[in-house]
Amino acid sequence: MDEQPRLMHSHTGVGMAGHPGLPQHMQEGTGGTDGDGRKQDIGDILQQIMTITDQSLDEAQARKHALNCHRMKPALFNVLCEIKEKTVLSIRGAQEEEPPDPQLMRLDNMLLAEGVSGPEKGGGSAAAAAAAAASGGAGADNSAEHSDYRAKLSQIRQIYHTELEKYEQACNEFTTHVMNLLREQSRTRPISPKEIERMVSIIHRKFSSIQMQLKQSTCEAVMILRSRFLDARRKRRNFNKQATEILNEYFYSHLSNPYPSEEAKEELAKKCAITVAQVSNWFGNKRIRYKKNIGKFQEEANMYAARTAVNAANASSHGSQANSPSTPNSAGGYPSPCYQPDRRIQ
DNA sequence: GTGAATGATTCCTG
DNA sequence: CAGGAATCATTCAC
């Protein structure tokens, strides 16, 4: 490395005329033009190169210092930088300022929506909350599942942030290292600040592609967790006996029009400790199954009708109709079972 | 293990 | 968008 300064210098004390290492023609000033002299010069230079390692560290440092102090150095440096800029780096310059990667934006948006990136939302996510709300079954079982989901999500979140931090730290360390290296090298070769900046942006681009991989795998993990959570929700739990009785009671006492209003559904949902959606499901299933096989439900219908009648009788004996169904087995709607002898199955 | 029962989901229709 | 119909998937009784 120190070869260059040595060859470039001739005016300072170091390597000046009279120095035994300098070519003959440089020492003489006028320069020899004969072939033998030239051969001699080359021989001296080769000799110089061969003996470079023999120089002491101090001597090398002194030469280096001399180079840096040379009055022409800044000008020469600038010229070389300019030439370099105009040739090699002009090709790369065109692809700077690229627009944000749509794939990266998608990943970022998803991580934000799932509550992995962005501000902490108590370990939960909007998606989880929505899923939990839709899942119905307001029981403790469901909330346990939900908290399990949240715990796993927060685990993913933690890993994501730890890794991200690691990458950022590594990126910063590497950038600093490269910048220092380039700055150091800029003393001996033409490296402009602009070029250093460019190198930094290249490093950042490389690291952001690694970050993208991290984001991608985090998204995959969230998707797997979510699908597992949703699968778990598919697990069916039978309603308890009391809830089924309440629903059946309503159904058979409104057999002519087994379509509970929104208010009625809400009321039933509250009584049965299930969601309105589950009430709707139950009535949907019940209507279709009843219609398909009235015979099978006959016994059940008779039982509930009798119970309703007893309830009504009790209520009336107490001078109140409060709990009796409003439209029991009246005209129209679904065919009634044999409890009403005049309205048999179609 | 098997089949019936049953809650949930999906697709279609008015 | 609510409800009907078909179907899926799980639970439960035997």
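Excluded from the calculations below are hydrogen atoms, water molecules and symmetry mates; all remaining heavy atoms, backbone and side chain alike, are included. Everything numeric in this text was worked out from a predicted model, so none of it was measured.
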Subject >> side-chain contact (heavy atoms from CB on, under 4.5 Å) evaluation trace for A/Asn172 with A/Tyr167 >> reply: CA-CA 9 Å; A/Asn172 286 340; A/Tyr167 287 155; over 6 Å; no
**OP:** Write down the distance between NZ (A/Lys265) and C1' (C/dA2), rounded to a whole number of angstrom.
**Re:** 7 Å
**OP:** Could you please name the option among C/dG3, C/dA5, B/dT9 that lies closest to any side-chain atom of A/Tyr259?
**Re:** C/dG3
**OP:** List the atom of A/Pro260, the atom of A/Arg287, and the distance in Å for their closest heavy-atom pair.
**Re:** CD-NH1, 4.4 Å
**OP:** Could you list the residues that satisfy side chain to side chain contact (heavy atoms under 4.5 Å, CB included) with A/Cys272, not counting sequence neighbours?
**Re:** A/Ala243, A/Ile246, A/Leu247, A/Ile274
Original post:
Which word best sums up how the rings of A/Phe174 and A/Phe207 line up, parallel for under 30°, tilted for 30 to 60°, or perpendicular for over 60°?
Top reply: tilted
Original post:
Tell me: CZ of A/Phe283 to P of C/dC1, nearest whole Å?
Top reply: 22 Å
Subject >> Contact under 4.0 Å: A/Lys291 side-chain N or O vs C/dA5 OP1/OP2 >> reply: yes
Original post:
Would one find a side-chain N or O of A/Asn281 under 4.0 angstrom from OP1 or OP2 of B/dG7?
Top reply: no
Original post:
Would you call A/Lys166 and A/Glu163 a salt bridge, using N to O less than 4.0 angstrom?
Top reply: yes
**OP:** In whole angstrom, give the distance that lies between atom CD of A/Glu262 and atom C1' of C/dG3.
**Re:** 12 Å
**OP:** Whole angstrom is fine here: how far is it from CG in A/Leu247 over to P in B/dA8?
**Re:** 11 Å
Subject >> Those residues that, when tested against A/Glu197, pass salt bridge (charged side-chain N to carboxylate O under 4.0 Å, His left out) (two or more places apart) >> reply: none
Close N/O contacts between protein and nucleotides 3-6 of chain B (under 3.5 Å):
{"unit_1": "B/dA5", "atom_1": "OP2", "unit_2": "A/Lys296", "atom_2": "NZ", "d": "3.4"}
{"unit_1": "B/dT6", "atom_1": "O2", "unit_2": "A/Arg236", "atom_2": "NE", "d": "3.1"}
{"unit_1": "B/dT6", "atom_1": "O2", "unit_2": "A/Arg236", "atom_2": "NH2", "d": "3.4"}

Original post:
Can you tell me how far P of C/dA2 sits from CD of A/Gln278, to the nearest Å?
Top reply: 17 Å
